[in-house]
Amino acid sequence: MDALRVLIVEDEPITKMILEELLIAEGHSVCSWVVKGQDVGGEVELHRPDVVLMDVHLAAGVLGTDAARELQRAHKVPVIVVSSADSPDELRAISECGALGFMKKPIDPEELLVNLRIATN
């Protein structure tokens, strides 16, 4: 897999740091980090990532599933949802948001690589 430019949408710094370390170890780069769902579209326009890693519960109340749906409509950028969500309603929202992948927290490095391959092929 070629090196990817990844936008991380995550409001927890520790989770962001873990994702960033895993991505860099595999030769990818983090082009930006966003903590609010309403900031995602602007960052995608500015940085043109190859893929977005999106948490569901974000700062300022915008759900990652809503942000993912908007990204699919406006930018067609691949989104992988990364979340600890487990309620039936949350899982249904994830399955309907247009994401090309889903990973449960805590993040498994191999699962991250598989999701990146699926989302970018």
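Owing to the predicted nature of the structure, the values given are computational and were not obtained by experimental measurement. Quick note: residue numbers are just sequence positions, from 1.
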Fill in: Side chain proximity check, L23 to L112, heavy atoms < 4.5 angstrom
yes
Worksheet item: CH2 of W33 to CG of L19: how many Å apart, nearest 0.5 Å?
Response: 11.0 Å
Worksheet, complete the sentence: Tightest non-hydrogen contact, residues R5 and C31, listed as NH2-CB, 3.5 Å
Discussion item. Same cluster or not: V6 versus V9, using hydrophobic residues (I, L, V, M, F, W, Y) connected whenever any side-chain heavy atoms lie under 4.5 Å apart?
Written reply: no
Discussion item. If you compare all heavy atoms of A85 against all heavy atoms of S83, which two are closest, and at what distance to 0.1 Å?
Written reply: N-OG, 2.9 Å
Discussion item. Between Q72 (side chain only) and A99 (backbone N and O only), is there a donor and an acceptor less than 3.5 Å apart?
Written reply: no
Worksheet item: After noting the C-alpha distance and the side-chain angles of V40 and L71, does the key distance pass the side chain to side chain contact (heavy atoms under 4.5 Å, CB included) rule?
Response: CA-CA 8 Å; V40 175; L71 284 181; 3.4 Å; yes
Discussion item. Please enumerate all residues that pass side-chain contact (heavy atoms from CB on, under 4.5 Å) together with D2, with sequence neighbours excluded.
Written reply: none
Item to complete: To the nearest 0.5 angstrom, please state how far the CD atom of E90 sits from the OG atom of S84.
Response: 7.5 Å
Item to complete: May I have all residue pairs that pass salt bridge (Lys or Arg N to Asp or Glu O under 4.0 Å) and include part of residues 19-31, sequence neighbours excluded?
Response: K16-E20
Worksheet entry | Set of side chain to side chain donor-acceptor pair (under 3.5 Å) partners for D86, sequence neighbours left out | none
Worksheet item: Should I8 and V34 be counted in the same cluster of Ile, Leu, Val, Met, Phe, Trp and Tyr side chains packed under 4.5 Å apart?
Response: no
Fill in: Residues which pass side-chain contact (heavy atoms from CB on, under 4.5 Å) with A119, listed by chain and number, not counting sequence neighbours
V51, P78, I80, L100
Response to the item:
Going by chain and number, the hydrophobic cluster around V62 (ILVMFWY, side chain to side chain under 4.5 Å) further includes none
Worksheet item: For D66, what residues pass the salt bridge (Lys or Arg N to Asp or Glu O under 4.0 Å) criterion, not counting sequence neighbours?
Response: R69
Practice prompt. Using the rule that two of Ile, Leu, Val, Met, Phe, Trp, Tyr join whenever any of their side-chain heavy atoms come within less than 4.5 Å, decide whether V82 and L116 are in one cluster.
Written response: yes
Worksheet item: Do V56 and I94 pass the side chain to side chain contact (heavy atoms under 4.5 Å, CB included) test, and can you show the C-alpha distance, the side-chain angles, and the key distance before you say yes or no?
Response: CA-CA 8 Å; V56 171; I94 291 167; 3.8 Å; yes
Discussion item. With a 4.5 Å cut-off on side-chain heavy atoms, are L91 and P88 touching?
Written reply: no
Worksheet item: Who passes side chain to side chain donor-acceptor pair (under 3.5 Å) against R92, sequence neighbours left out?
Response: D89
Practice prompt. Using the test salt bridge (Lys or Arg N to Asp or Glu O under 4.0 Å), find all partners of E43 that sit at least two apart in sequence or belong to another chain.
Written response: none
Discussion item. Checking E111 now: which residues fulfil side-chain contact (heavy atoms from CB on, under 4.5 Å) with it, not counting sequence neighbours?
Written reply: M103, D108, N115
Discussion item. For E70, give me all partners under salt bridge (Lys or Arg N to Asp or Glu O under 4.0 Å), at least two apart in sequence or on another chain.
Written reply: R73
Discussion item. Hydrophobic clustering (ILVMFWY, side-chain heavy atoms < 4.5 Å, transitive) - are V35 and L7 grouped together?
Written reply: no
Discussion item. So I107 and T15, do their side chains get closer than 4.5 Å, heavy atoms only?
Written reply: yes
Item to complete: Could you go through the side chain to side chain contact (heavy atoms under 4.5 Å, CB included) check for S95 and F102 one step at a time?
Response: CA-CA 9 Å; S95 71; F102 174 63; over 6 Å; no
Fill in: Heavy-atom closest pair, residues A68 and M54
N-CE, 3.9 Å
Worksheet entry | All salt bridge (Lys or Arg N to Asp or Glu O under 4.0 Å) counterparts of K105, not counting sequence neighbours | E10, D55
Worksheet item: According to a 4.5 Å side-chain heavy-atom criterion applied to Ile, Leu, Val, Met, Phe, Trp and Tyr, with indirect links allowed, do V44 and L58 form part of one hydrophobic cluster?
Response: yes
Worksheet entry | Stepwise side chain to side chain contact (heavy atoms under 4.5 Å, CB included) check, V81 with C97 | CA-CA 9 Å; V81 174; C97 75; 4.1 Å; yes
Worksheet item: With H28, which residues qualify under side chain to side chain donor-acceptor pair (under 3.5 Å), at least two apart?
Response: none
